Amino acid sequence: MAVEISAKTESSAMVAEAANPPATAIELTGISRHFGEVRALNHVDLAVRRGEFFSLLGPSGCGKTTLLRIVAGLDYPDQGTVRIGGQDMADIPAHLRPVNTVFQSYALFPHLSVWDNIAFGLRMKKVPAAAQATRIDRVMEMVQILPLAYRKPSQLSGGQKQRVALARAIVNEPQVLLLDEPLGALDLKLRKQLQEELHRLQRRLGITFLYVTHDQDEALAMSDRIAVMNHGRIEQMDASRQLYEQPRSRYVAQFLGSCNLLEGNLCASSDSACEAMVQTTVGHLRVCLNHPAPLGSHQKRLTLAIRPEKVQLLPLNGHPPENGVRGLIQDLIYSGAETTCLVKVGEWMCKTCSLNSSGQHQAFRIGQEVTLKLPADGIIILED
Amino acid sequence: MTRGHWLLTLLSGGLYTFLYAPIVVVIVYSFNTARYGSGWRGFTTKWYSTLWNNPQALSAAENTLVLAVASTVLATVLGTMLAMGLNRYWFPAKRLASWLLYVPVVIPDIVMAVAMLLFYALLRDLVGLFNLGLTTMVISHVTFQIPFVAIVVRSRLFGLDPALEEAARDLGATPWQTFWRVTFPLILPGVAAGGLLAFTLSLDDFVVSFFTSGPGSTTLPILIYSSVKRGITPDINALSTLIILVSVVGTVLITLMQRAKQ
């Protein structure tokens with residue numbers, strides 16, 4: 001059923017897009033924020049589309065929470081403008097903004113029952129009592145907390161508190177829901193379950209989600225688009241798949257998943273053929289480019305990246321394949337669904353990994369000499 | 001049981017006797033029939049009825065209550081506001097302001113009282129107001145009560161998650177609504193405990209009241225003091241017993257409210 005609804009919202013969104021320019025839920029331009037000497041945000045530009053699940057991803061202290069608080073109106077930028085639904089928020093205080101927040105600490109009112117917590121926003125907006133009750137019942141059912149209505153927050157488990165915090169926010173039907181590491185305090189299993197629920201809920205409600213997290217798996221699993229942040233700047237902003245497959249910088253490549261990095265010099269490139277030859281410490285490698293891009297002059301230093309699951313492990317026999325290098329297996333790490341293999345090629349340590357169901361690693365053992373194939377279309381050229 | 005344990009028990013027993021025996025004596029003698037001397041002549045409650053028919057005592061009791069209630073209300077409101085301000089906002093010399101809060105707590109009452117007396121005299125010369133009486137007493141009491149209220153409320157505010165007020169604003173509450181619907185209910189145990197503390201302090205105060213009182217504003221502690229100069233009478237014992245009772249009830253309530261914190 002959820003799938004049906006999502007398909008419908010997607011198609012209607014496409015119709016809307018065809019008619020008008022794409023609707024923007026949040027538009028941030030040139031946002032800067034300093035705390036004393038510390039630059040928390042440095043000229044951040046960001047546009048979140050209506051109905052999108054958008055994540056701000058980065059380590060702690062990268063400015064992602066500050067950015068969220070600025071959108072909520074709980075903090076103010078030193079420079080820059082915030083627009084929500086096309087409206088400038090400069091003079092609009094937090095309590096008048098069409099957004100609601102799910103706080104990291106949940107921030108449930110300890111002196112109020114679950115019901116009164118959820119009713120809080122509706123009472124502030126003076127929604128008639130009958131309408132309040134209907135709306136509260138509906139969201140409580142949606143997040144499965146109906147039996148908890150008369151409990152106090154102190155009588156709830158972590159997962160239940162999380163659901164109440166979510167219900168308290170979405171009952172107000174905000175234009176944008178802001179979520180500040182909402183699953184950070186939960187254990188792994190519950191976190192996975194709530195990730196799926198949040199994802200379904202977002203599709204069902206069609207509300208724009210702006211989601212702050214430091215967990216890359218969480219961001220990849222749930223988001224339509226992700227902005228990776230570092231030191232108060234956005235490093236890269238793309239769709240989840242794009243971000244993982246085509247990271248532009250070392251930082252993004254290493255923050256999202258693991259990555260093998262390799263330094264090299266450009267030997268030859270042709271703008272039309274979408275490929276380049278790079279001389280590296282492990283030999284010459286051919287690199288396919290997704291789209292033609294001027295790479296710069298001959299002998300330019302480049303950093304190449306290749307994901308462990310793109311590297312192929314082959315036995316030594318036979319003809320060496322294209323982009324094949326010889327190495328020695330240092331370690332094999334079995335972790336249930338997949339096996340990770342560390343291969344030493346000269347001074348370079350390369351990580352490969354494959355699903356155990358593929359059977360690729362089963363023929364190998366530690367100390368064995370192997371051929372690593374670095375497929376030309378699996379190699380990414382980074383900008384730094 | 002060891003010998004050390006016995007000694008310790010004895011010592012503690014002695015200490016508690018020293019602390020509480022005088023109070024017990026006052027309470028016991030308030031029920032003694034004998035008007036003079038220390039001999040026990042039988043049980044009576046007549047000194048309590050004597051007190052009830054003593055217009056001086058009644059008017060002193062009224063003054064004491066009016067003073068305590070008025071000063072407590074003012075001090076609780078001002079002390080809570082002070083605690084909020086110190087907790088929320090940054091301003092130049094904030095640290096100094098926090099330290100100054102403790103000065104009235106540690107300064108000797110007598111110094112405070114003399115300072116007040118001088119200050120009112122000075123103000124009278126300048127503006128002609130501030131004749132000594134109940135009003136000056138209320139102002140003086142508020143002055144020494146504020147720090148106690150502010151310190152108790154501030155400790156409660158420290159334990160408050162700032163995200164709670166942000167959540168209220170985020171859900172559409174104005175700053176005023178946020179205070180009354182979220183902040184105040186959560187710091188109420190602290191405010192009430194601070195208020196009760198201020199109330200008992202005002203009730204018991206002699207030194208500051210004595211120095212800042214005027215004609216017709218005699219309070220119970222002042223009445224007791226002036227009566228005692230003519231010798232201790234059983235009705236003063238009865239009066240003291242009643243004051244002890246009110247103070248004890250107040251202290252028990254404060255303790256209960258502090259416990260409600262957890």
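The chains referred to below are lettered A, B, ... by the order of the sequence lines, with proteins before strands, and numbering in each begins at 1. Quick caveat: nothing in here was measured; it's all calculated off a predicted structure.
Contact residues of residues 165-177 of chain B toward chain A are B/E166, B/A167, B/A168, B/R169, B/D170, B/L171, B/G172, B/A173, B/T174, B/P175, B/Q177 (heavy-atom distance under 4.5 Å). Against chain A, no residue from residues 97-113 of chain B qualifies, as none has a non-hydrogen atom under 4.5 angstrom away.
A 4.5 Å side-chain heavy-atom check between A/P110 and B/L164 finds at least one atom pair inside the cut-off.
Most heavy-atom pairs under 4.5 Å with chain B: of the set A/G73, A/P174, A/G121, this distinction falls to A/G121. Per-residue heavy-atom pair counts under 4.5 Å with chain B were compared for A/A107, A/A169, A/A165, and the maximum is reached by A/A107.
The environment of OH in B/Y89 is sparse: at most 12 heavy-atom neighbours from other residues, nucleotides or ligands sit within 6.0 Å. The number of heavy atoms from other shown groups lying within 6.0 Å of CZ (B/R154) is above 12. Surrounding CD of A/E141 are at most 12 heavy atoms belonging to other residues, nucleotides or ligands under 6.0 Å away. The 12-atom threshold is exceeded at CD of A/Q155, counting heavy atoms of other residues, nucleotides or ligands nearer than 6.0 Å. Within 6.0 Å of CZ in B/F119 there are 12 or fewer heavy atoms belonging to other residues, nucleotides or ligands.
If you measure heavy-atom distances from A/L178 to chain B, you find no contacts under 4.5 Å at all. The parts of A/R168 that come within reach of chain B are both its backbone and its side chain, each placing non-hydrogen atoms under 4.5 angstrom from that chain. For a residue to count as touching a neighbouring chain, one of its non-hydrogen atoms must lie under 4.5 Å from one of that chain's; by this rule A/S105 touches chain B with the side chain only. Both the backbone and the side chain of A/N100 come within contact range of chain B, each with at least one heavy atom under 4.5 Å from a heavy atom of that chain. Looking at A/L74, both its backbone and its side chain come within 4.5 Å of chain B, counting heavy atoms on both sides. Residue contact with chain B, scored on non-hydrogen atoms closer than 4.5 Å, involves the backbone and the side chain of A/F109 alike. Proximity to chain A (any heavy atom under 4.5 Å) is restricted, for B/L186, to the side chain, taken from C-beta onward.
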